[in-house]
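Basis for what follows: all heavy atoms, side chains included, without hydrogens, waters or symmetry-related copies. Predicted, not measured: the structure shown is a model, and the values here were computed from it. For ligands, and for the atoms within them, numbers begin at 1 and follow the listed sequence.
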Amino acid sequence: MDVAILEALSAEVRELARERDAVIFAHNYQRAEVQAIADVVGDSLELARRAAAAEASVIVLAGVRFMAETAKILAPAKTVLIPRTDAGCPMADMITGEQLAAWKAEYPGVPVVMYVNSSAEVKVLTDVCCTSANAVEVVRSLGSPKVLFGPDRNLGTWIASKLPEVEMILWDGYCPTHDRVTLEQVEDARRQHPGAPVIAHPECRPEITAAADAVLSTSQMLRWSAASDAEEIIVVTESGLLTGLEKAAPGKRFVGLAPAMLCPNMKMTRLDHVRDALRDMSGEIVVPAEVADAARGSLERMTAIG
Ligand code: 13P
Ligand code: SF4
């Protein structure tokens with residue numbers, strides 16, 4: 001986009017946010033120009049915590065639907081807008097409330113931990129949600145020998161590797177963007193950048209997380225990279241994080257995989273969509289009060305851990 005147009009549009013968005021008493025939240029995978037105008041850029045856990053503590057009347061959530069639903073459930077008095085109502089998370093759609101109810105019935109008394117990448121209906125049936133930033137601590141906090149975990153089998157397998165004392169019973173969901181990464185891609189990157197550490201998201205398959213030097217949520221990657229002595233780092237997560245990494249650790253080189261890892265849903269939101277949502281107050285997230293009230297406990301327990 002032409003620099004003058006970008007600047008004018010960014011200024012328009014900020015002015016509308018002021019007029020509407022709105023805060024703009026962006027996930028770490030959002031386009032650079034959307035991250036640039038956001039009040040808060042973060043991982044799923046940070047966005048959930050900031051939503052719960054928000055003072056503004058309106059929260060614009062530049063991300064995917066489960067993030068906006070989470071914000072609405074944690075801040076029910078706020079108006080929550082999602083600039084692209086069609087930005088979903090395919091993994092979140094891999095388990096429905098009905099499917100979870102049937103699964104639970106097979107394991108009476110076994111606690112349920114669900115990745116925050118899930119629908120509000122699924123959260124109603126969940127004891128505690130987690131994000132990639134606190135998943136191990138959440139499961140450990142239950143002190144249960146057995147846990148039902150979904151929808152991400154890769155995150156579940158990674159938690160199991162950290163907590164061998166817990167039997168993790170896993171739903172068979174996955175993130176299409178992270179699950180398709182191959183060991184060959186990672187080894188190629190290592191060959192081309194000898195000595196560079198590999199940081200990977202726990203949504204990657206077990207052979208990838210086992211081969212990585214660190215397994216981290218997106219914001220943990222930002223902090224890890226800023227604190228690392230390495231001059232070059234291989235990053236195995238959605239390529240939108242490269243924007244934040246370059247800002248968090250200026251002077252370091254960040255290498256993504258080839259081909260680049262992209263989440264089409266995270267890339268849907270453009271600056272003009274954020275402008276339109278604020279101008280028209282469109283894309284409001286509605287979670288029926290009885291669903292939100294029943295789902296809130298699982299999210300509040302999540303935000304309290306880690
Ligand atoms: P985090 O940013 O919480 O690590 O999660 C990544 C993700 O799946 C967002 O969709
Ligand atoms: Fe869902 Fe994966 Fe996209 Fe995250 S990166 S929103 S888990 S599809």
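Nearest protein neighbour of atom 2 (Fe) of ligand 2, counting heavy atoms only, is C175 SG, 2.3 Å. Summary of contacts: the protein heavy atom closest to atom 3 (Fe) of ligand 2 is C263 SG, 2.4 Å. Among protein heavy atoms, atom 8 (S) of ligand 2 sits closest to P90 CD, 3.4 Å. The protein atom (non-hydrogen) at minimum distance from atom 1 (Fe) of ligand 2 is C89 SG, 2.4 Å. Closest protein heavy atom to atom 3 (O) of ligand 1: S44 OG, 2.8 Å.
Atom CZ of R84 has more than 12 neighbouring heavy atoms from other residues, nucleotides or ligands inside a 6.0 Å radius. Within 6.0 Å of atom CD in E184, 12 or fewer heavy atoms from other residues, nucleotides or ligands are found, so the atom counts as exposed in its surroundings.
Nearest heavy-atom pair, L241 versus Y29, reported as atom, atom and distance to 0.1 Å: N-CD2, 4.3 Å.
At a heavy-atom distance under 4.0 Å, no atom of V64 approaches ligand 1. Residue contacts with ligand 1 for H27 involve side-chain atoms from C-beta outward but no N, CA, C or O (heavy atoms, distance under 4.0 Å).
Less than 4.0 angstrom separates some heavy atom of S132 from each of these atoms of ligand 1: 1 (P), 3 (O), 4 (O). Within ligand 1, the atoms closer than 4.0 Å to a non-hydrogen atom of E203 are 6 (C), 7 (C), 8 (O), numbered from 1 in the order shown. Which parts of ligand 1 touch N117 is read off a 4.0 Å heavy-atom cut-off, strictly below it: atoms 8 (O), 10 (O). For ligand 2, the atoms sitting less than 4.0 Å from at least one non-hydrogen atom of E203 are 2 (Fe), 7 (S), numbered in the order shown with element in parentheses. Residue-ligand proximity, M91 to ligand 2, at heavy-atom distances under 4.0 Å covers atoms 7 (S). Interface of N117 with ligand 2, defined as ligand atoms under 4.0 Å from a residue heavy atom, comprises 7 (S). Near M67, with a cut-off below 4.0 Å to any heavy atom, the atoms of ligand 1 are 9 (C), 10 (O). Here is the list of ligand 1 atoms found below 4.0 Å of a heavy atom in S217: 4 (O). Heavy-atom proximity to H201, at under 4.0 Å, picks out these atoms of ligand 1: 1 (P), 4 (O), 5 (O), 6 (C). For ligand 1, the atoms lying closer than 4.0 Å to a non-hydrogen atom of M266 are 9 (C), 10 (O).
Using modelled atom types and a 3.5 Å distance limit, the side chains of S219 and E46 yield a donor-acceptor pair. Side-chain atoms of D43 and S217 form a donor-acceptor pair, as typed in the model, at a separation below 3.5 Å. When only modelled atom types and interatomic distance are considered, H201 and T218 share no side-chain donor-acceptor pair under 3.5 Å. Side-chain N/O atoms of N154 and D179 include a donor and acceptor closer than 3.5 Å.
For the ligand labelled ligand 2, residue N265 lies outside the 4.0 Å heavy-atom shell. Remark: distances from the non-hydrogen atoms of E238 to ligand 2 are all 4.0 Å or more.
Taken to the nearest 0.5 Å, the CZ atom of R153 stands 8.0 Å off from the CE atom of M94. Atom NE2 of H178 sits about 11.0 Å away from atom CD1 of I208, to the nearest 0.5 Å. Residue R270 holds its CZ atom at 9.0 Å from CG of D276, rounded to the nearest 0.5 Å.
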| field | Worked check of salt bridge (charged side-chain N to carboxylate O under 4.0 Å, His left out) between K252 and E246 | value | CA-CA 7 Å; K252 290 194 163 74; E246 278 152 17; over 6 Å; no
| request: Go through the steps for R275 and D280 under the test salt bridge (charged side-chain N to carboxylate O under 4.0 Å, His left out), then give the verdict. | output: CA-CA 8 Å; R275 186 265 322 272; D280 307 334; over 6 Å; no
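The shortest N/O to N/O separation between T218 and ligand 1 falls below 3.5 Å.
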